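For reference, the structure is listed below as structure tokens.
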Amino acid sequence: MSQEGYDHTAVETRWQEAWADASVYHTPDDVEDPTYVLGMYPYPSGKLHMGHVRNYTITDAYARYRRMRGDDVLHPMGWDAFGLPAENAAKERDTNPRDWTFDCIDTMKGQMKAMGFGYDWEREITTCTPEYYRWNQWLFSRFSDAGLVERRDAEVNWCPSCETVLADEQVEGDDELCWRCDTPVETRELDQWFLKITAYADELLDAIDDLEGWPNSVRQMQRNWIGRQHGSEVDFRIEGHGAVRAFTTRLDTIHGATFFALAPDHPISEELAAEDDAVHEFVHHEADPDGDEPNGVETDLTAINPVTGEDIPVFVADFVLSDVGTGALMAVPAHDERDHAFATKKGIEIRPVIAPEPDGDDGSDAATEPAAPEVEAAAFTEDGVLVNSGEYSGLDSETARQRLTEDVESAEVATQYQLRDWGISRQRYWGTPIPVVHCDDCGPVMVPEEDLPVELPEFVNTTGNPLDAAEEWKATTCPECGAPAERETDTMDTFVDSSWYFLRYVSPGSEEVPFDLDRANDWMPVDQYVGGIEHAVMHLLYSRFFTKVLADEEGLAHREPFENLLAQGMVQLEGEKMSKSKGNVVSPQEIVDEYGADTARLFMMQAAQPERDFDWKEEGVRSTNRFLRRLHRTVTDFAAGAV
Ligand code: ANZ
Ligand code: ZN
């Protein structure tokens, strides 16, 4: 029995078994309001990496602290188990995504147990099981009832190598590379399913002010992502086409508008394309909204500036985006960079109408109008004082905007967002089937609740989407008219799974509902959420969105899911993020085998504050281990009466 020195494996195994036998980490359903401590659930990629270990060590230390303080604690764990990597791995290894995923889960669960994390494994959830994903389908149909689902033709980012649509956030850098495989991304037009997160844009933005338990950096990233801009809409008349509305944040610059521009898919552009070869060629072949330079084609139309009465040329241009504002803009090359680049290329007049605010104390005569700035080489994009603007000259930008909004008859204040609706369609197998049937007569029809789940068929290894090849699975009948019909073959973005998983833990076995509402009302929000900064925008924003919809549609008593958020820092090696591609990964398993989980965890916690990045140092690990050995010796000596 008695061990010479500190046998970490023996100590840790003994206690882990004792905890499991006594179910010390189980949270019974009848506790009133446990402290809900949650680490972001992992994607089961194969093995735990240091990022996981740090994430869950911090979370576990906090859960343990709250438990020692006498709180009931809810500290669950689960698996974000759908996703492309499983499908790719299955193809490479000639297995199927399900087996591969469950193998990974087995391994990682074993590693988590060896780390001694105090989870309530009775609440484990796995998103790739029909018991879980049926609720994604149910939620989709509830969102649809609430008018929050839309199907539209959309330009999508397409990775030719992964053969899948990518979210904007999955396209990286100026070169627009796929986040997974670094292949240059192309665009394609496809019918896509969207969740209308924009319907909640204002609340998602305004409520950030109250998220006092969140890091400011994350709050600011979400604000920027939503990107609310206040501006105005104003009409320019185009002969034969009536009043055409444009959105602008800079109505103060309207005297400097020297051309008008339409998006390639603006209705007028499409009309023109039908008659005019050059416009047709541009709209259908040349336009590249993601290109480095703005491109466009001149039309034979002119637009009338509502303030100056001037006629200005109308262009169709690809830097005008159809889903921003009205898809049409008044272009002011002197004060906007994109307009400037376009005007320079096309030889359009660049007319300055805003001058920098003169310094108050430079001794010059304050009454003289400032000189117009030099704008041939570059736009002057800041607010300032109006020049060359008739009766408005001399006003500051802000005052001029207010005055012009009142004076110009068609002008109205308008708000515009950066946030786009959330395209959830993925042309992939390993995800939640979108519960829709396509009928020749009825169009897309929602699968009725009683027919859920729509389960995935067996995996077949093909190029493209295996669901397209699953002929038998695809063939069904229309829920409305009974005629032969086809199943939707798109699956959902896996961010749908993670947008509500924190609610599933309150009643992981519920067969009638996605989560027990009363218990969720008592147990939510999550008191402390811990995870990586890479989820600052999407996961956290989508979870907030789902929570708000569930509050409005299903009676959830909370409008925010996460009260306190900790974004843990990165574990680095020699100043670089540990990553497989850099080949600088330290395996947690080796550390645990050699020094024990307690050493790994203690080193993690004392190396740096949880929010800070830190460098993995083997020497630090060894000295932490020496400390634990000394501690162990002191305690055993004391127990033996030797001290
Ligand atoms: C005139 C103007 C003058 C503008 C000026 C800006 C500066 P940012 O750039 O983020 O402030 N805009 C409007 N609709 C657009 C569309 N569909 N596609 C692309 N751009 C569009 O965004 C607001 C500005 O974007 C708007 O204000 C408009 O150009 C342009 F000195 O109007 B502005
Ligand atoms: Zn039908």
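Everything quoted here is computed from the prediction, not taken from an experiment. We count ligands from 1, going down the list as the structure has it; atoms in each ligand are counted the same way.
- Salt bridge absent: Glu293 and Arg338 never bring a charged side-chain N and a carboxylate O closer than 4.0 Å.
- Taking a cut-off of under 4.0 Å to the non-hydrogen atoms of Phe319, the atoms of ligand 1 that pass are 18 (N), 19 (C).
- Between Leu321 and ligand 1, an N or O atom pair is found at a separation short of 3.5 Å.
- At a cut-off of 3.5 Å, with distance as the only test, no side-chain donor of Asn295 or Glu286 sits close to an acceptor on the other residue.
- Counting heavy atoms closer than 4.0 Å to ligand 1, residue Val320 contributes atoms from both its backbone and its side chain.
- Considering both main-chain and side-chain atoms, Gly325 never comes within under 3.5 Å of ligand 1 through any nitrogen or oxygen pair.
- Nearest residue to atom 7 (C) of ligand 1 from His266, Arg250, Gln416 is Arg250 (criterion: closest heavy atom).
- Distance from atom 6 (C) of ligand 1 to its nearest protein heavy atom, with residue and atom name: Asp336 OD2, 3.4 Å.
- Checked against a 6.0 Å centroid threshold, the rings of Phe495 and Trp422 do not count as neighbours.
- Using a 4.0 Å cut-off to heavy atoms of Gly327, the atoms of ligand 1 that qualify are 17 (N).
- For a threshold of 3.5 Å applied to N or O pairs, the pair formed by Thr248 and ligand 1 contains at least one separation below that value.
- Proximity of a side-chain donor or acceptor of Asn157 to a complementary backbone N or O of Glu186 within less than 3.5 Å is not detected.
- Ring pair Phe342/Phe319 is tilted by interplanar angle, where 30° to 60° counts as tilted.
- Interface atoms of ligand 1 facing Met330, defined by a heavy-atom separation under 4.0 Å, are 1 (C), 32 (O).
- The shortest N or O to N or O distance between His335 and ligand 1 is not below 3.5 Å.
- Around the NZ atom of Lys577, the shell of radius 6.0 Å holds no more than 12 heavy atoms that belong to other residues, nucleotides or ligands.
- Under a cut-off of 6.0 angstrom, the local environment of CZ in Arg237 is sparse, with at most 12 non-hydrogen atoms contributed by other residues, nucleotides or ligands.
- Between Asp323 and Arg420, at least one side-chain nitrogen of the basic residue sits less than 4.0 Å from a carboxylate oxygen of the acidic one, meeting the salt-bridge criterion.
- Of all protein heavy atoms, the one lying nearest to atom 12 (N) of ligand 1 is Leu329 CD2, 3.6 Å.
- Atoms of ligand 1 lying under 4.0 Å from at least one heavy atom of Phe247, given by number and element, are 13 (C), 14 (N), 26 (C), 28 (C).
- Judged by the shortest distance from any of its heavy atoms, Ala263 lies outside the 4.0 Å radius around the atoms of ligand 1.
- Although no hydrogens or angles enter the test, the distance criterion places no donor-acceptor pair under 3.5 Å between the side chain of His230 and the main chain of Thr415.
- In summary, the side chains of Arg228 and Gln416 do not present any donor paired with an acceptor at a separation below 3.5 Å, with no hydrogens or angles considered.
- Of the listed residues (Gln229, Glu382, Arg245, Glu337), the one carrying the non-hydrogen atom nearest atom 11 (O) of ligand 1 is Gln229.
- Looking at ligand 1, you'll find an N or O of Arg338 within less than 3.5 Å of one of its N or O atoms.
- Residue Thr253 touches ligand 1 through its side chain alone, judged by heavy-atom distances below 4.0 Å.
- Nearest protein heavy-atom contact of atom 27 (O) of ligand 1 is Thr249 N, 3.0 Å.
- At distances below 3.5 Å, not a single donor-acceptor pair connects side-chain atoms of Thr399 with backbone N or O atoms of Leu395.
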